2 protein chains.
Amino acid sequence: MRLSTKGQYGLRAVVDLADRYGQGPIPLNTVAQREDISEHYLEQLMSQLRKAGIVTSIRGAQGGYQLARPPQEITIAEIIEVLEGPIVPVDCLANEDGCNRSTICAAQSVWKKLAEAMNDVLGSTTLADLVEENQRLRNKNGDFMYYI
Amino acid sequence: MRLSTKGQYGLRAVVDLADRYGQGPIPLNTVAQREDISEHYLEQLMSQLRKAGIVTSIRGAQGGYQLARPPQEITIAEIIEVLEGPIVPVDCLANEDGCNRSTICAAQSVWKKLAEAMNDVLGSTTLADLVEENQRLRNKNGDFMYYI
DNA sequence: TTAATCCCAACCTTTTTACTCGGGATTCCG
DNA sequence: CGGAATCCCGAGTAAAAAGGTTGGGATTAA
């Protein structure tokens, strides 16, 4: 019932990008350092996110990654789905064919309700919400950021 | 983001017992056969559920397992917690100490909301609800059961 | 006494996780 | 133009978790 580090790292990295949206491409090594994630490993996650259209990349010197869309248009559900697959507690909800017991399995009803609740939360939260949360945390910590 | 088979099998087995609550102990092999689960593997799960006070066992011939309490007093959350650990999407919510980034990590806010939603669903559904659902499914399938 | 049952610990195989490694392709900058 | 900074890609790998299996011991009803 846990996310793997892919989902956790991936979200942190994307929030990091969201925090700097509009400031041009951010090289991966700075994200990796700030978030304390292995750069090479993070690279693999970013590759998936790029192919899914969540971030874009610019190669070469002064290159890096940036969000493909404004933070308020990217939900957490989208990000997690890319990195962890469909947001469902059991496989038989994800596979079109379903499990062979679906017509006789009461358990499925509770898994359906659970899947719905999870998607509600993750689908209604956007990166903009987390950027705002970050702002709030920074203020609370008296750790103000000065932008030039 | 998926339950392991422990949670899935375990719930199915317990629902099976709930369906027969009040009929005395049910031997494990009949549950295993009905639910199509390896008997020895299921045994390990039942052992955990017994130690957690969800089922009781009676040894010897004519023995078996039964619910320790009426179905309406056992939530799905309880069962899943025994078999899968705390119902949280990330470890840093489960460990008392939390992660070392907790004061600066916006991601945690969304994981908290998610954990809450999951616990709401699983904590408000009881085995009685699933027994009822089973009844409904049986009726829909025209598969009536006759009890002697 | 015997068959049915639960109880327990150890072992095993496969898959997944969480990386690391090495090198190639682009692009900016001086 | 050359070199440094980047992203891109595929393979390899060690450790952990998943999903069991095996074998035997303890209890109890009939």
Side-chain angles (χ1 to χ4, degrees), chain A residues 1-14 17 23-33 35-68 80 83-85 89-91 94, chain B residues 1-14 16-17 20 23-68 80 83-86 89-91 94:
Chain A
M1 221 45 201
R2 307 285 165 85
L3 274 87
S4 71
T5 58
K6 284 187 195 177
Q8 298 179 57
Y9 291 176
L11 179 59
R12 292 225 311 265
V14 172
L17 294 183
Q23 297 178 30
I26 316 285
L28 197 55
N29 64 59
T30 73
V31 177
Q33 271 169 34
E35 301 295 331
D36 195 26
I37 300 170
S38 148
E39 186 180 340
H40 251 319
Y41 188 44
L42 187 52
E43 204 176 11
Q44 294 172 38
L45 309 184
M46 295 307 275
S47 170
Q48 289 186 251
L49 292 167
R50 179 176 51 81
K51 285 168 189 161
I54 289 173
V55 303
T56 58
S57 63
I58 295 174
R59 301 174 74 166
Q62 321 307 314
Y65 289 91
Q66 51 196 345
L67 293 189
I80 297 304
L83 298 168
E84 306 260 357
V90 295
D91 266 327
Chain B
M1 221 46 200
R2 307 286 163 85
L3 275 86
S4 71
T5 57
K6 285 187 195 177
Q8 298 179 56
Y9 290 177
L11 178 59
R12 291 222 315 262
V14 173
D16 192 292
L17 294 183
R20 291 161 182 81
Q23 298 178 27
I26 316 284
L28 197 55
N29 63 59
T30 73
V31 176
Q33 273 169 32
R34 271 197 298 255
E35 301 295 332
D36 194 27
I37 300 169
S38 147
E39 185 179 341
H40 252 317
Y41 187 45
L42 187 52
E43 202 175 12
Q44 293 172 40
L45 309 183
M46 294 307 276
S47 170
Q48 289 186 251
L49 292 167
R50 178 176 51 82
K51 285 168 188 161
I54 290 173
V55 302
T56 58
S57 62
I58 296 173
R59 301 174 72 165
Q62 319 307 314
Y65 289 93
Q66 51 197 345
L67 293 189
I80 297 303
L83 298 169
E84 307 260 356
V90 296
D91 266 327

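A note on names: the letters A, B, ... follow the listed sequences, proteins ahead of strands, and every chain is numbered from 1. In this text the structure is predicted, and so the values were computed from the model without any measurement.
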Check your understanding: Separation of L83(B) atom CG from dA17(D) atom C1', in whole Å?
Key -> 16 Å
Revision key, fill the gap. Residues of residues 25-43 of chain B with a heavy atom under 4.0 Å from any atom of DNA chain D, listed by number, are S38(B), H40(B), Y41(B)
Check your understanding: Closest approach of G53(B) and A68(B), non-hydrogen atoms and distance?
Key -> O-CB, 3.4 Å
Point to revise | pair Y65(B)-L49(B): side-chain heavy atoms closer than 4.5 Å | key: no
**Study point:** Atom-pair distance (CG on L3(B); P on dT16(C)), nearest Å
**Key:** 16 Å
Check your understanding: Ignoring hydrogens and geometry, is there a side-chain-to-backbone donor-acceptor pair from E35(B) to Y9(B) under 3.5 Å?
Key -> no
Practice item. Would you kindly compare G60(A) and S47(A) by the position of their nearest DNA chain D nucleotide and give the one closer to the 5′ end? Key: G60(A)
Practice item. Answer yes or no: does a side-chain N or O of S57(B) lie under 4.0 Å from OP1 or OP2 of dC7(C)? Key: yes
Point to revise | Side-chain heavy-atom pair R20(B), T30(B) within 4.5 angstrom cut-off | key: no
Review point. I58(A) has an atom CD1; how far is it from atom P of dC28(C), in whole Å?
Key: 9 Å
**Study point:** Atom-pair distance (CD on Q44(A); C1' on dG12(D)), nearest Å
**Key:** 12 Å
Check your understanding: Can you tell if the side chain of Q62(B) reaches within under 4.5 Å of the side chain of P25(B), non-hydrogen atoms only?
Key -> no
Point to revise | Donor-acceptor contact below 3.5 Å, side chain E39(A) vs main chain L28(A) | key: no
Check your understanding: Do R12(B) and D16(B) sit within salt-bridge range, that is, some charged N less than 4.0 Å from a carboxylate O?
Key -> no
Review point. Looking at Y9(A), does any N or O in its side chain come under 4.0 Å of the phosphate oxygens OP1/OP2 on dC19(C)?
Key: yes
Check your understanding: Is the phosphate of dA29(D), meaning OP1 or OP2, less than 4.0 Å from a side-chain N or O of R59(B)?
Key -> no
Review point. For dT17(C), does either OP1 or OP2 sit under 4.0 Å from a side-chain N or O belonging to R2(A)?
Key: no
Exercise for review: Please state whether the phosphate of dA18(C), meaning OP1 or OP2, lies under 4.0 angstrom from any side-chain nitrogen or oxygen of T5(A).
Suggested key: yes
Check your understanding: To the nearest Å, how far apart are K6(B) NZ and dA17(D) P?
Key -> 10 Å
Check your understanding: Per the atom types in the model, does the base of dT27(D) pair as donor or acceptor with the side chain of Q62(B) at under 3.5 Å?
Key -> no
**Study point:** L45(A) CG to dG10(D) C1', straight-line distance once rounded to whole Å
**Key:** 16 Å
Practice item. Could you tell me the separation between the CD atom of Q48(B) and the C1' atom of dA9(C), rounded to a whole number of Å? Key: 14 Å
Review point. Y65(B) has an atom OH; how far is it from atom C1' of dT27(D), in whole Å?
Key: 13 Å
